[in-house]
**Q** 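Here it is: the structure, laid out below.
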Amino acid sequence: MLIPLVLVGAALFSLGLIGFVTRRNLIIIFLCTELMFQGIVLNLAAFGRYPLSGPPSLDGQAFAIFLLAIAAAEAALGLALVVLLYRYRGTLDANAYKVLKDS
Amino acid sequence: MLLAAETASSLMSLGLTLPLWPLLSAALVGIMLASGRFRGMAHVAVIAGALVAAVLGAVWFVQLAPAGDGHGATGGVSMDIAPWFSLGDGQMVGFNYYLDGLTGVMLLVVTSVALMVVIYSVGYMKDHHGHRERGYERFFAFLGLFIFSMLMLVLAGNFVLLYLGWELVGLCSYLLIGFYYRKPEAAAAAKKAFLVNRIGDFGFALGIFALYQYILPHVQPGENALDYAVVFRHAAQLTADQVNLVCLLLFCGAMGKSAQIPLYVWLPDAMEGPSPVSALIHAATMVTAGVYMVARCGPLFANAPDALEVVTWVGAIGAIYAATMAMAQYDMKRILAYSTMSQLAYMFVALGCGAPDSAVFHLYTHAFFKALLFLGAGSVMHAMGNVIDLREFSGLRSVLPTTQRLMLIGCLALAGFPLLSGFWSKDEILHAALEHNFPVFVILLLTSFMTAYYTFRMYFLCFHGPLRLPAAAGAHPHDAPPVMVLPMTLLAAGAVLAGYLGVAIHWGSPLDSFLFVFQGHGWFHHYVHNGSMVVTPVEHGSGSAVLYYVSAAVGIVGIWMAWRRYGTAPQDEPDRKSFGPLWLLWHARYYVDEIFDAVFVQPLRALGRLFFAVDRAGVDGAVNAIGGTPRALGAVLRVAQNGMLQSYALTTALGIAVLALLWRFVGTP
Amino acid sequence: MLLLTLLVVVGGIGLYMALPRGRTAPARGVLALLAVAAAAMLVAILINLPSGIVTPARPTMVALSVLALLAAVRVVTHSRPVYSALYFVLLVLANAGLLLLMQAEFLATGLVIIYAGAILVTYIFVIMLAQQTSGKAPYDTEAREPLLGCLAGFVLLAVLAGGIYGTAVPGELKRAGPGGPLAAEAIDVRPDLAPNAALLSDVNRLSEPGPGHGTTERLGTHLLTSYFLAMELAGVLLLAAMVGAIAIARRQLSGMEGAA
Amino acid sequence: MEAIGLHILIFAPFAAALAIWSLPASRGDLAYRIALAVGGMVCAIGLGLWWVTTGDADALIGETRLTWVTIADTAAGAGVTIRYHVGLDAISAVLVGLTALLVPLSIACGAVSIRERATEYYAWLMVLTGAMFGVFAARDVLLFYVFFEFTLVPLYFLIGIWGGPERRYAANKFFLFTFVGSVITFAGILYLAIRAADGGAIDFDLLRLSSVSLSTAEQSLLFLALFCGFAIKVPLFPLHTWLPLAHTEAPTAGSVLLAGVLLKLGTYGFLRFSLPMTPEGAVAWAPLMGGLAICGIIYGALISWVQRDVKKLVAYSSVSHLGFCMLGMFSMMSAGLTGSVLYMVNHGINTGALFLVVGMIYDRYHTRDMDKLGGLARQMPVMSFFLIIFVLASVGLPLTNGFISEFTVLFAAYQSKVLGPAFGAMGAVGILLGAIYMLYMTGKVLFGPLNEPHGGPDLHNGRLKPDLTRREIAILAPLAALVLILGVAPKVLTNPLEPVLEARVLARVAPHVAPAAPSGRRMAALLPGAAAPEAP
């Protein structure tokens with residue numbers, strides 16, 4: 001039972017990673033991070049329920065809860081920033097923001 | 001034995017300090033110069049130093065006279081003074097003297113001529129209105145230093161000490177030639193003299209190294225390999241080509257110092273120095289160092305036939321080569337310089353023909369009359385306001401009577417006029433050359449004629465003909481002051497009488513002895529034998545006097561020819577018409593200076609510039625390249641920093657992927 | 001094992017094809033075909049897993065997993081942001097289902113409420129806010145470095161899957177019986193296989209945790225007892241996030257006048 | 001008693017540096033006086049210590065041996081101990097004496113020219129002094145390496161801050177170039193230490209490392225490793241490009257100490273480490289080293305002949321002179337070794353003095369371009385007197401110190417079974433070239449018509465007389481005296497030196513010197529025909 005769940009979790013995580021890296025729309029990028037969070041939540045729960053050794057415990061789920069908190073905070077801030085950037089530059093295109101590159 | 005008397009040994013120990021007196025006087029003058037007080041006394045100090053040296057030299061000269069019948073060649077005496085530095089595995093170089101007949105003669109010549117020149121310089125160094133020239137003290141300090149170094153050279157007991165004297169003398173000539181350092185030509189001439197001497201010393205040093213390497217196996221423990229006594233004792237044990245190599249290298253040093261064929265270019269330029277310097281250094285003492293060294297290494301050269309052959313031929317070619325150039329010059333001192341080179345070549349021929357005692361005899365006589373001629377030229381120059389070009393003036397007979405009479409004696413001696421010292425010594429060399437090497441004899445005979453010719457060409461151009469004075473001479477040029485005339489008269493006496501020291505009185509038929517009375521190889525030669533000189537004895541066979549008459553005739557004909565062509569000091573150059581382009585070649589000194597400059601100096605400078613460019617671009621470039629590669633690499637990677645967050649994430653992801661793959665397949669170690 | 005890698009490769013290619021490119025989105029048919037193929041592959045894998053046991057939950061779990069994966073693929077590949085968001089909601093629901101299967105009721109419901117409810121709404125809100133042109137904005141259709149991205153992602157996935165599922169064992173693994181735990185001797189032949197062996201053998205860990213394992217009351221007590229500090233910190237974190245969001249929002253107004 | 005002396009020698013300058021650093025920037029003159037006082041004291045002690053050294057190789061003067069750093073417990077047989085082990089045998093004493101002599105002179109020479117940031121200047125100078133004494137006194141190889149590296153730091157700042165126009169580039173190049181080399185040497189030292197310990201506790205005692213038996217291949221490789229660090233410092237021919245830059249850009253005191261002492265680190269390194277520790281390697285590589293030395297001599301000499309900047313000329317001449325030093329060392333003969341150590345001292349005195357004189361000219365005219373200067377003898381007779389003495393010394397005229405070392409070095413190269421007459425001959429060409437560029441410089445600067453560039457500020461505001469001031473004469477006089485003393489009586493220096501060199505270096509190297517080297521005669525035939533055309 002553990003294997004398929006963990007496989008799915010891993011798949012979700014890598015899909016999120018691919019999305020994060022390839023997509024150019026800022027919002028979608030953030031969405032992909034949320035996707036990654038989903039993968040992780042699934043994994044945590046799976047390992048909580050079917051631990052490799054010892055009785056099933058609630059730690060996985062507890063941790064997932066905290067993860068949710070973080071995801072929420074992150075989403076809030078992220079989106080606020082996205083809105084700000086959009087207002088500032090007028091575009092959501094990730095390529096537009098190259099300030100880090102020095103001359 | 002040699003130094004039996006007790007007083008003798010005390011005098012001997014006093015003699016040890018002989019070279020130190022001139023050094024002391026030089027130091028004294030140095031202190032005067034630094035302290036600035038009683039600067040006028042400079043000449044007194046140096047004259048005193050030279051005087052003491054001369055007295056001690058004379059004492060030693062007498063001491064070293066051969067005892068008994070004078071035929072026994074007793075070995076030289078070597079006296080150790082102090083250790084100097086060690087050469088590893090037990091060998092050590094020390095300060096020591098080596099005294100024998102040869103040293104005695106050289107001492108006499110050096111100290112006496114030096115004294116005369118110093119006295120003469122007192123007068124010479126004063127300008128028209130009698131007060132001292134700038135650098136007066138410096139001149140006398142250098143003279144003192146020179147006398148010290150020449151004495152060290154002569155008294156040296158081992159080859160390294162000889163090398164010391166050799167270089168110090170070179171230094172003093174550098175300082176004295178460059179005395180008028182404000183004149184660029186003088187500075188250049190001084191540098192040239194030192195460097196050409198240095199080329200000679202290069203060969204000399206290698207000779208010493210080679211000698212040490214070959215002698216070492218034969219040296220018994222306790223002996224120092226480079227001392228004369230030890231070297232001459234084991235000279236026979238060296239193989240033929242070992243000795244030849246050593247002698248050639250040593251001769252290379254002699255060539256540098258005594259201005260022989262390839263390394264003579266510095267001598268004519270050395271005339272830039274004041275005349276007393278030329279008289280002392282470039283006539284009597286320093287240039288004879290080469291002859292002294294070859295004579296000193298008699299035992300070595302004796303069993304090096306190839307080396308002797310080289311010496312003879314270098315001498316012969318040098319003699320005639322210099323004589324031709326001397327005939328076509330106008331600068332009085334340069335004529336004398338070339339004449340010195342020619343006379344030195346005579347001495348080398350004598351050495352090459354196995355007659356070192358005649359060579360030394362000629363050296364002894366030559367010192368007197370050549371110094372006299374240079375001093376005479378000096379007083380002419382002094383009177384003519386430092387003009388020495390014969391085309392500028394003539395007919396000075398009426399204006400400078402004393403100088404003219406003394407110069408006449410000198411010229412006669414140099415030309416080999418019978419009964420004067422030059423005649424006797426030159427004739428012995430011709431005699432030696434006749435016995436060993438006929439073609440060389442013919443060359444030397446021809447050179448004798450040319451010597452007589454150019455000497456009197458100079459004499460007539462200068463003193464005969466209508467009176468003409470250069471502008472610089474002022475209204476009425478005054479003749480030499482007594483302080484200059486005294487040394488010149490003494491030297492003139494030497495020029496006349498010195499020869500008789502080497503002449504034996506032997507009543508016999510005109511064929512056997514010249515003018516019924518005279519024969520060669522007198523007391524002087526026995527004196528010189530009294531040392532480690534290996535000399536082939538000369539027997540007075542019948543008919544040996546014929547040569548005297550021949551050389552006398554050659555001398556007189558030479559003088560007569562000069563009189564006929566230059567009696568009235570004509571302005572147009574008769575020789576130019578008769579010899580044409582040959583004369584121009586001689587006048588331009590065979591363009592040797594230019595050739596040397598083009599062949600040696602410029603390419604070396606170009607090589608230097610090339611090296612410098614290579615150093616800046618090549619080696620430095622390589623180093624900077626090594627320095628530059630990290631920077632270039634950095635630039636390549638910088639492109640990846642394009643500021644976009646996503647590409648960073650991408651590269652991170654790729655990194656993780658690669659790591660994961662590695663972990664998966666390579667496996668944790 | 002080979003099958004799994006095959007799956008991953010096909011998935012990679014499919015996704016690569018699916019990512020928006022300069023020209024119009026890929027034909028829907030190709031996309032559907034790929035998705036189905038991937039799903040079939042996944043189902044085949046899940047079914048013939050070495051599970052001697054067939055638990056009643058298996059078919060639903062398979063379905064939910066497939067649903068989740070498809071949704072995730074669409075979230076990433078869809079060119080219009082709104083649809084991506086909606087697919088994300090679908091994904092969350094599928095995930096919640098899976099969690100329920102694992103008796104993590106509180107988590108499932110929490111997930112649905114917080115994620116689907118709060119976060120996704122904000123996303124949609126922002127998407128609407130930042131929607132400027134009607135058609136497709138250039139930056140939506142153009143994927144950046146799709147090849148490298150997919151490569152990185154799928155290699156990672158392949159490795160993770162490989163790690164989870166079982167290593168590429170050179171020799172054939174000897175099994176006590178069909179689907180049983182790796183024979184003891186196999187383990188000592190390859191000591192480094194120990195952890196995976198334990199992973200594979202589900203049988204001895206089937207002990208049911210008993211009813212109400214994941215209920216709120218159990219989870220709540222667990223949270224407040226052993227993770228009390230963590231809870232407080234989570235609170236603080238959320239507070240900070242709120243303050244941050246407000247700060248950005250306020251500055252954004254003043255910034256606006258400047259930028260406008 | 002000497003131990004305390006040695007401690008003072010090393011640590012007093014560091015203390016002084018701290019004291020001077022604490023002074024306010026304005027008190028430059030006070031800093032100068034403190035530095036000079038400490039310099040004088042250090043000089044007295046250094047020369048005292050040198051005076052006391054005997055020829056006995058084992059009796060170290062002022063030996064102290066403290067464990068400085070221990071890594072892991074040596075009791076268990078593993079781990080590393082680094083000891084603060086200092087002591088002077090004759091070789092180190094001679095160089096300590098030289099350093100002691102040059103330090104006060106170099107401090108005094110900056111009195112007028114150094115005005116801005118003087119306190120830091122003298123502080124760095126003090127640090128450099130301490131480091132230099134430390135290097136020569138170190139008997140523990142790692143301690144040697146620490147000081148060897150540490151000397152770079154003060155010089156980097158001295159050149160970098162108070163140098164000439166291109167000082168930054170020169171300082172960087174100097175530091176990096178030397179540092180890279182010494183890092184490779186460090187690797188060599190570590191390898192050697194580990195091989196010496198072979199399993200047991202590793203320590204870096206000099207004698208223990210000098211008596212390690214290694215295979216020939218190991219030795220030649222190890223020699224190369226040590227070569228890198230020391231050859232750059234010497235500088236040997238291809239690795240010398242940092243020297244002219246560093247010298248011309250360094251302030252006078254910097255270049256005096258750089259030329260006088262720091263170049264000797266390289267040769268001292270060869271003598272103390274390469275030769276005894278890897279004798280077979282040294283003998284195997286000796287002909288190549290001789291070849292490099294000869295290249296250095298001729299290359300350096302020719303380049304300095306075409307230089308326009310006097311200081312660059314003297315810098316390149318250092319390349320040429322140290323070529324001689326290496327030639328002597330690799331002749332593997334007692335005379336050669338003594339000659340090369342003597343050469344180190346003489347080069348320190350002569351080139352140090354030349355730099356001082358060039359510095360004095362620069363203080364007056366602020367130009368080092370030979371074409372602009374000319375005929376200074378008339379204007380500055382005292383200075384030209386000193387310049388001529390030092391030129392003659394570096395040209396190697398008898399009765400000066402240069403001659404003794406040059407003669408013995410060439411003599412040894414000629415006699416050496418490892419090098420042979422051809423090396424001696426080529427080296428002798430070096431004497432010739434040496435005379436050429438030195439006299440060329442003297443001719444251009446001193447003689448000829450007087451052309452004097454406009455005087456620098458110091459000349460006008462009276463701080464400097466046209467000719468040498470009393471202070472400057474006080475600086476040059478001892479060096480001139482030493483030139484003559486060492487020329488006439490070098491035994492003062494060489495007596496204690498020879499037995500130590502034989503015991504420490506020659507004893508290790510001699511057995512490997514191949515007996516059947518080419519005999520003098522055959523090699524001589526190849527000799528470039530310096531003589532007149534040989535008779536048929």
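Here is how names work: the chains are called A, B, and so on, in the same order as the sequence lines, proteins then strands, and each is numbered from 1.
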**Q** Quick check on D/Leu410 against chain B: is it the side chain, the backbone, both or neither that has a heavy atom closer than 4.5 Å?
**A** both

**Q** Which residue out of D/Ala435, D/Pro381, D/Ser334 racks up the most heavy-atom pairs below 4.5 Å with chain B?
**A**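 Ranked by heavy-atom pairs under 4.5 Å with chain B, first place is D/Ala435.
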
**Q** Please flag which part of D/Val395 lies under 4.5 Å from any non-hydrogen atom of chain B: side chain, backbone, both or neither.
**A**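 Both backbone and side chain.
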
**Q** Could you state the interatomic distance from CG (B/Leu164) to CZ (B/Phe159), rounded to the nearest 0.5 Å?
**A** 14.5 Å

**Q** In terms of heavy-atom proximity below 4.5 Å to chain D, should B/Val614 be classed as side chain, backbone, both, or neither?
**A**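 Contact with chain D is through both the backbone and side chain of B/Val614.
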
**Q** Quick check on B/Ala188 against chain D: is it the side chain, the backbone, both or neither that has a heavy atom closer than 4.5 Å?
**A**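 For B/Ala188, there is no contact with chain D at all, as no heavy atom is under 4.5 Å.
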
**Q** Checking D/Thr408 against chain B: side chain, backbone, both or neither under 4.5 Å from a heavy atom?
**A** side chain

**Q** Using non-hydrogen atoms only, which part of D/Thr442 is less than 4.5 Å away from chain B: side chain, backbone, both, or neither?
**A**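 The side chain, not the backbone.
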
**Q** Out of B/Leu211, B/Leu238, B/Leu206, which residue meets the side chain to side chain contact (heavy atoms under 4.5 Å, CB included) rule with B/Val246?
**A**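 That would be B/Leu211; it is the only one of B/Leu211, B/Leu238, B/Leu206 passing the side chain to side chain contact (heavy atoms under 4.5 Å, CB included) with B/Val246.
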
**Q** Report yes if the distance between the aromatic ring centroids of B/Tyr321 and B/Tyr264 is under 6.0 Å, otherwise no.
**A** yes

**Q** Not counting sequence neighbours, which residues clear side chain to side chain donor-acceptor pair (under 3.5 Å) with D/Asp467? List them please.
**A**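 None.
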
**Q** Can you tell me how far the CE atom of D/Met333 sits from the OG1 atom of D/Thr338, to the nearest 0.5 Å?
**A** 9.5 Å

**Q** Does NZ or CZ of B/Arg138 lie under 6.0 Å from the centre of the six-membered ring of B/Tyr181, at an angle within 45° of the ring axis?
**A** no

**Q** Between D/Glu502 and chain B, with a heavy-atom cut-off of 4.5 Å, which part of the residue counts as in contact: side chain, backbone, both or neither?
**A**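 For D/Glu502, neither part sits under 4.5 Å from chain B.
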
**Q** Between chain D and each of B/Ser86, B/Ala82, B/Pro184, B/Ala187, count heavy-atom pairs under 4.5 Å; write down the option with the most.
**A** B/Ser86

**Q** Under a 4.5 Å heavy-atom cutoff, which of D/Leu176, D/Thr494, D/Val429 has the most pairs with chain B?
**A**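 Maximum pair count with chain B is reached by D/Val429.
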
**Q** Kindly say whether the aromatic ring centers of B/Phe142 and B/Phe179 come within a distance under 6.0 Å.
**A** no

**Q** If you tally heavy-atom pairs under 4.5 Å against chain D, which of B/Val160, B/Ile208, B/Ile261 wins?
**A** B/Val160

**Q** Could you have a look at D/Phe237, D/Phe447, D/Trp305, D/Phe177 and say which one has the most heavy-atom pairs with chain B under 4.5 angstrom?
**A**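 Between D/Phe237, D/Phe447, D/Trp305, D/Phe177, the count favours D/Trp305.
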
**Q** Report the option among B/Leu604, B/Asp201, B/Ile199 that has the most heavy-atom pairs separated by less than 4.5 Å from atoms of chain D.
**A** B/Leu604

**Q** Go through the atoms of B/Val601 and report whether side chain, backbone, both or neither lie under 4.5 Å from a heavy atom of chain D.
**A**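 Both backbone and side chain of B/Val601 come within 4.5 Å of chain D.
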
**Q** Around B/Phe612, counting heavy atoms of other residues, nucleotides and ligands shown, do more than 12 lie under 6.0 Å from its CZ?
**A**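 Counting neighbours around CZ of B/Phe612, more than 12 heavy atoms of other residues, nucleotides or ligands fall under 6.0 Å, so yes.
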
**Q** Does the ring center of B/Phe348 lie less than 6.0 Å from the ring center of B/Phe251?
**A**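 Yes, close enough.
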
**Q** Once side chain to side chain donor-acceptor pair (under 3.5 Å) is applied, what residue pairs with a partner in residues 243-253 of chain B remain, sequence neighbours excluded?
**A** B/Asn244-B/Asp306

**Q** Using a cut-off of under 4.5 Å on heavy-atom pairs, state which of B/Trp166, B/Tyr212, B/Trp313 scores highest against chain D.
**A** B/Tyr212

**Q** Pick one of side chain, backbone, both or neither for D/Val382, based on which atoms fall under 4.5 Å of a heavy atom in chain B.
**A**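 Neither part.
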
**Q** Do the two ring centres, one from B/Tyr163 and one from D/Phe403, sit under 6.0 Å apart?
**A**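 Ring centroids of B/Tyr163 and D/Phe403 are less than 6.0 Å from each other.
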
**Q** Which bit of D/Phe407 is near chain B, if near means a heavy-atom gap under 4.5 Å: side chain, backbone, both or neither?
**A** both

